Structure formats: structure tokens, C-alpha cells
Amino acid sequence: MADSQRHPFLHGLSKHRGAPPTVVVIFGASGDLTARKLIPAVYNLGVDNLLPTDFHLVGYGRKEIPDDEFRGLAKDAIKEFSRRELDDESWGRISANTTYVAGGYDDLQAFERLASHIDKIEQQVGRDVQSLFYISTPPSVFAPILKNLGAAGLAGKHLGKPHHAKVIIEKPFGRNLESARELNGTIRSVFEEHQVYRIDHYLGKETVQDLLVQRFSNAIFEPLWNRNFIDSVQITVSEEVGVGSRGGYYEQSGALRDMIQNHTMQLLALTAMEPPVSLDAESIRDEKVKLLKAIQPLNIGPNGDVARAQYSAGMIGGKEVRGYLEEEGIAADSKTETYAALRMSINNWRWQGVPFYLRSGKRMARRVSEIAINFKRPPGTLFADSEKFNLANNTLAFQIQPDEGLSMILNAKIPGLETRTQPVKMNFRYATTFGSNTPEAYERLVLDAMIGDGTLFIRGDEAETSWKLCTPILDAWSEAGREVMESYPAGSWGPAGSDALLAKNNQLWRQP
Ligand code: BG6
């Protein structure tokens, strides 16, 4: 395809972003994430000619699956979940180099078989091939996989050369500070930090990356980006879906572990961090860690900085849905929160005194992820008559999904023979400007890991700093049991306790 005919997102991309010969090994090859996200991501990279010429895909799992059958499963996954329809020629190129290795995760001999499988691929290619191990299994087997990668010599393969091995680790990265530290310890006993790619798929979303571009490539924002002009910041990641068939996982997790500790904290860090000295991975991650370290410990007591709740029965999209406690696989006295909200203060020069509100929940009124920056009001002398002048605070909202874009609330004069005002919205929409076929987050992340660019991945100390803030909340909630668990009807915007977090500062949650 001629470069000029390609999607604007792809202009010039392959010229700068070539990956070396690679074998991607997916652990957890018959799992849900592999079918829904990973195989479609690899396929779409193939369609865009972004895979290296010598690209091999190896599925690894406990189940015995013949190569042909694994290729068939992968093809079905593309048909069902890919953003683009299956094109036989593109799939044919990947499928020809797709194989499967069966083995346990704690079975060293199976890892040695995997090592000789990779050696054979390398002989076939005729030069060094980098291995990219994608650990997409339940967290209980992260450690045995990592240790066996080390013991079978796979972690150290080509170390010191450009084609060294790399590992991608799916979330959840630990379930509290202690387990995250332990996991980091296991990783470091086998891999060097520069080989490790901890996933938070929110960082792969176009609009999340756009946040840095908007903040630092436009001169108008930076002078206002501080406590003198900003009144508060609200970060919302709400979903309409409930726990569905993931009850078993979710019971062990909850909104704080599943969404707040990772996705919303990442959004917060990118919104509030200082300008990095460059766009390289370490400079950006250094700034994020610095910011996370400046967040004050939260007041977890009654009327403090946190709220949690479970959804009860309600209506979503005109249909009745059941409450969390009635969902499949959920204990009748479950203590797991499906909604969490936090009020945070950042104790640094830029942000002191500006509240940052974070909320995330399942079965909420709308699916929306956004960052809303609320600016202070100008002095009210000119437009003080509230009957004539309907004024709103200026709000800059980064819409991460859906309707990806950026909007700004301004006050404008209503046309007519007297001066009356009304808030109006200025909008930039990705789909309108660039078309709607945006790459999925996992495409960008898999490509970046193949190239060796860790910018959009979490560094070990970053994960720990975020856990340091969240772990005391989890401990307090676990001690309190169901006593301080509120509820909210499915299809609503969450519990009263969450509104109370803002009411203390005379603020309201925005209705996105
Ligand atoms: C995952 C969570 O990390 O993110 C899920 O485990 C959640 O519970 C999902 O549904 C949301 O991702 P997205 O990209 O649909 O906003």
C-alpha cells in the first residue's frame, strides 16, 4: 500500500519503527486476553506491515494443542475480536510461522523444550532472533514462569547484544505493596530492568499518549497548569459492564486494585507530572515516580478521603441488571468494592491545595474515561448577577474513551439585544479529524516492546510507589469488613459517600 493511502496514524511509521527478527511467546495462550487482545494486536500489526520480516509466534500453555488447532483458534479470535476483518493474505504470513508448545508453568523440562524450539526457529532464520515473552496468565504462576525462564537460559539469551530477550508482564502487578515488592524481586533475580515491560494498557491508548502532546507541545497550557489557575482535577474511569463471568477474579481484586492503583493513577501521574527533560522512557518515568511520591497519605477514617461501594440491582441501557451480590461466583457477604473514589493532595510547589479526585466503578450510568481540569473563576465583579449570567468554570476535558478527543467549556454571550451568557463547549474529536480506525492499545504496546521502547510501560519503582498509597486503604477496608460498604444502583453515578468527598470543598462531580 502506498504510504499516502495509509491511515494518517501510520504515515512514516514503518520508516522509524522497525523491530528486529522476533519470536513472541505467549504464556496463557488459550486464555481470554490472548484471544481478545493479543492475537488481534499481532494480526493488525501484520496488516500494517509493522511486524519484522522474520516474525514467529509461539503459544505456550498447559493444554495439549496441535499447531494446526492453535492456528485455527488464533484465526477464530481474529474473526471475532479484530478491529479489522480477516484478510487471508495477512493472516497467512503470520500463520505460516505460528506454532504451539504445551507445558506446565512449573515444569523446567517443558521450558527447556521451549528453549530448543526457539533455537530451531533461530537456525531457520539464520541469525540472532530476540525472544519476547508475554506473560498473560493468572498471577499465581508469574513467579514460576519467571524462574523457569531464568533456569532454562531463556531470560539471559543474547544479553549484552541488541537482540536480548524481553518480558512483558500483564496486570495485576501484585495485590499490595508487599507482593509487588516480592514480584519485583523475582523479576530482578532473572531479568535486568531494561528487559522488563510491565503493562498498563491505558498507556497504550491514543488519547493517553495525546495528553503529553497536548500538555507540552501547546504553549497555552503550561502557564496555567498549576495551583494559581486550577481549582480541581477529576479523573473518571466508569464502565457500564458488571463483573460478568470474571467473578472469580474480581472477588480477589475490586475497583481499587483493578482500576485505581494502575489505570487512574497513571492518568493522574501524566496529568500532574513536571515536564520531562526528554521524551525517552527514563525521563518520563522519573517524573511520574516523583509525582506519585508527592501524593500525601490519604485520610482513611470516617469522613476521610476515600469512598467505596457495591452496585445493587438497577437499569443499564433500559434493561434490568442484577446487583453485585447476585452475580455468578460472588459471595453473598462479599467485601469487594465495585466502586472506589479517592481525594488526593499533591504536596509540591505546583499543586499544593488543589484536590485531585479519582473515581472508578462498574455498572455506572455511562462508559467514560476522562480527565477534567477545572479552572478557577475570574474575579466576579463584571458578571456577578447570576440571574442574567449563567457562568461555568472553564473545564478542559481529555476524553480518553469513547468519543476520544478534547473539549473545553467556555462562557459565551447568548445572541440577542441584551448581554446574557451561557456555557458553551468547544470540541476536538479524533474520529472527525483522523477517522475512526485507531490502533488498539495492545498494538502499540506489543510493537514498542519488540522495538525496545519502555516509555509506555511501568517501571518497578513506579508500581511500588502506587501500591504504597493504595495498600493502607485496602488494609483498612479489609479490617472494617462490610461495615463501611455503601451501595449504588446499577446505572447511577455512584454512592453518596463519593459526592461527600467533593462536597467538603463545595464541588460536584462532573456528569460526563
Ligand atoms: C482492565 C480491568 O484492566 O481494564 C477490567 O481488569 C476493565 O476490569 C478494563 O474492564 C477496562 O479497560 P478498557 O480499555 O475497556 O477501558
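Quantities reported herein were computed from a predicted structural model and do not represent experimental measurements. Remember, it's 1-based here, ligands and their atoms both numbered in the order they're listed.
Within ligand 1, counting atoms from 1 as listed, the ones closer than 4.0 Å to a heavy atom of Lys171 are 1 (C), 2 (C), 3 (O), 6 (O). If you number the atoms of ligand 1 from 1 as listed, the ones under 4.0 Å from a heavy atom of Lys362 come out as 5 (C), 7 (C), 8 (O), 10 (O). Each of the following atoms of ligand 1 lies closer than 4.0 Å to a heavy atom of Asp258: 2 (C), 5 (C), 6 (O), 8 (O). Here is the list of ligand 1 atoms found below 4.0 Å of a heavy atom in Lys205: 13 (P), 14 (O), 16 (O). Near His201, the atoms of ligand 1 lying under 4.0 angstrom from a non-hydrogen atom of the residue are 1 (C), 3 (O), 4 (O), 12 (O), 13 (P), 14 (O). Atoms of ligand 1 lying under 4.0 Å from any heavy atom of Gln401, numbered from 1 in the order shown and given with element: 13 (P), 16 (O).
Using a cut-off of 4.0 Å between Lys/Arg side-chain N and Asp/Glu carboxylate O, Glu282 and Arg285 are scored as salt-bridged. A salt bridge links Asp48 to Arg83: at least one charged side-chain nitrogen sits closer than 4.0 Å to a carboxylate oxygen.
In this view, Arg367 satisfies the salt bridge (Lys or Arg N to Asp or Glu O under 4.0 Å) rule with no residue, not counting sequence neighbours. Evaluation of the salt bridge (Lys or Arg N to Asp or Glu O under 4.0 Å) rule for Asp231 yields no partner, not counting sequence neighbours.
A distance-only check finds no donor-acceptor pair linking the side chain of Gln266 to the backbone of Tyr202 [under 3.5 Å]. Remark: the backbone N or O of Glu251 is paired with a side-chain donor or acceptor of Thr336 at under 3.5 angstrom.
Any N or O atom pair closer than 3.5 Å counts here, and Tyr202 shares at least one such pair with ligand 1. At least one N or O atom of Arg246 sits closer than 3.5 Å to an N or O atom of ligand 1.
Residue Lys205 forms a side chain to side chain contact (heavy atoms under 4.5 Å, CB included) with just one option from His263, Glu440, Gln401, and that option is Gln401.
Comparing Arg257, Glu239, Arg367, Glu170 against atom 11 (C) of ligand 1, the shortest heavy-atom distance belongs to Glu239.
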